[in-house]
Amino acid sequence: MTFVASPQTDSPDARRYNRLLRRLSIVDSVLGLALMVVLLATGWSGALRDVAFRTARGQNYVLALFVYIVMLAVLGKLLGLGLDLYSFRLEHSYHLSNQRLRAWAWDQLKSFLVSLVISALLAQVFYLLVRKFPQTWWIVGWAVFMVLFIIFAQIAPVVLFPIFYKFKPLENMELRDRLTRLSESAGTKVRGVYEWSLSEKSKKANAALTGLGSTRRIILADTLLAGYTDDEIEAVLAHELGHHVHRHILKSMIMQAVISFAGFWALKWVLRWAVMRKELFISQYDFANLPLIILVTTLLSLLLMPLLNGYSRLNERQADRYAWKSIPTITPFITAMNKLAEQNLAERQPSRLVELIFHSHPPIAKRIAAAEAWAKANG
Ligand SMILES: [Zn+2]
């Protein structure tokens with residue numbers, strides 16, 4: 001077999017870009033948490049709740065909660081606006097973006113509205129359950145949120161993603177035949193492969209397995225289809241098929257379910273403590289406690305990030321091994337990895353600590369080394 005020369009070290013640009021991205025996400029999280037702490041510590045959350053009830057003319061709880069959510073969302077967005085703009089400029093200064101400021105601003109507005117609708121819906125369901133089931137809301141809430149989560153995962157590729165990107169079935173017949181052969185030899189069926197119009201916004205390339213049941217599909221960025229050989233795209237398809245064959249979406253959802261159960265249990269304790277012991281809120285369903293709920297869940301997810309990323313890297317390695325076994329030679333896998341690293345300005349060799357905390361995928365240098373070791377061992 002042929003070995004493909006891979007660059008051994010990362011360029012200063014790649015290192016700087018990834019360092020800035022990490023700092024950006026850290027500052028973003030800290031700002032979000034700080035806003036919640038300030039709202040709670042100053043009593044402004046209670047003041048916002050009073051404004052919300054006045055706007056809703058008194059006793060209409062559902063409307064008041066909606067007004068409160070809108071105010072909280074606008075506050076959060078205004079506070080994060082500087083960082084959003086910085087991230088837009090960062091992508092441009094490293095020549096990774098194809099998007100003009102206007103189109104970007106429109107996307108920002110759309111994503112603000114989409115997340116507002118989703119969070120308003122979740123908050124209404126949450127407080128409704130807290131009111132109806134004062135003792136057991138955390139178990140009922142967990143079950144209801146899991147059902148919503150499954151529905152969400154199912155409709156995301158057909159309802160949510162198209163708000164931001166265009167999708168169309170893959171037109172390249174040769175590639176479709178290859179995928180059909182790949183999935184037949186795996187004894188499975190993927191419902192479809194779609195071309196994803198990423199190039200409207202970004203110069204980066206990507207691919208993913210998304211959806212559940214009837215919406216399960218592989219999506220391939222048009223940037224990938226344009227710049228990679230059919231053999232390389234087949235290697236990427238084989239990797240995504242590996243996620244499907246090993247049921248990684250289902251397994252991740254089970255993992256989420258276990259973690260969410262612990263999260264709801266923690267929320268129960270925190271809310272009871274805040275209401276009964278500290279008398280910070282009038283009742284458990286006094287929605288001025290929402291910043292406390294956001295604070296607890298965000299802290300929990302930040303703490304669990306290394307664990308979830310570790311689990312994701314495990315799945316990625318499994319999908320890689322599946323890909324090596326399914327394609328005639330690993331060479332296109334390696335060349336595709338190298339192209340991806342270069343095109344996306346990825347860090348091939350981040351420090352071990354950075355990998356452990358931030359990376360959902362094994363670093364590219366490790367993926368290539370593992371492929372070569374596998375090929376050596378398997379002839
Ligand atoms: Zn993957």
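Whatever order the structure lists ligands and atoms in, that order sets their numbers, starting from 1. Since the model is a prediction, treat every value here as computed from it, not as a measurement.
Note on ring orientation: taking the six-membered ring where Trp is involved, the planes of Phe287 and Tyr68 are tilted (angle from 30° to 60°). Between Trp104 and Phe88, the angle of the ring planes lies from 30° to 60°, which puts this pair in the tilted group. The aromatic rings of Trp374 and Trp324 are tilted relative to each other, their planes meeting at an angle between 30° and 60°.
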List the atom pairs, with distances to 0.1 Å, where a side-chain N or O of residues 255-278 and a protein N or O form a donor-acceptor pair under 3.5 Å, not counting sequence neighbours.
| unit_1 | atom_1 | unit_2 | atom_2 | d |
| --- | --- | --- | --- | --- |
| Ser260 | OG | Gln256 | O | 2.6 |
| Arg272 | NH2 | Gln135 | O | 3.2 |

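Note on the Zn ion (ligand 1): protein N, O or S atoms under 2.8 Å away count 3, no waters included.
In this structure, Arg131 satisfies the cation-pi test against Tyr61, with its NZ or CZ atom closer than 6.0 Å to the six-membered ring centre and inside 45 degrees of the ring normal.
The neighbour count for Phe126 CZ, taken as heavy atoms of other residues, nucleotides or ligands under 6.0 Å away, is above 12.
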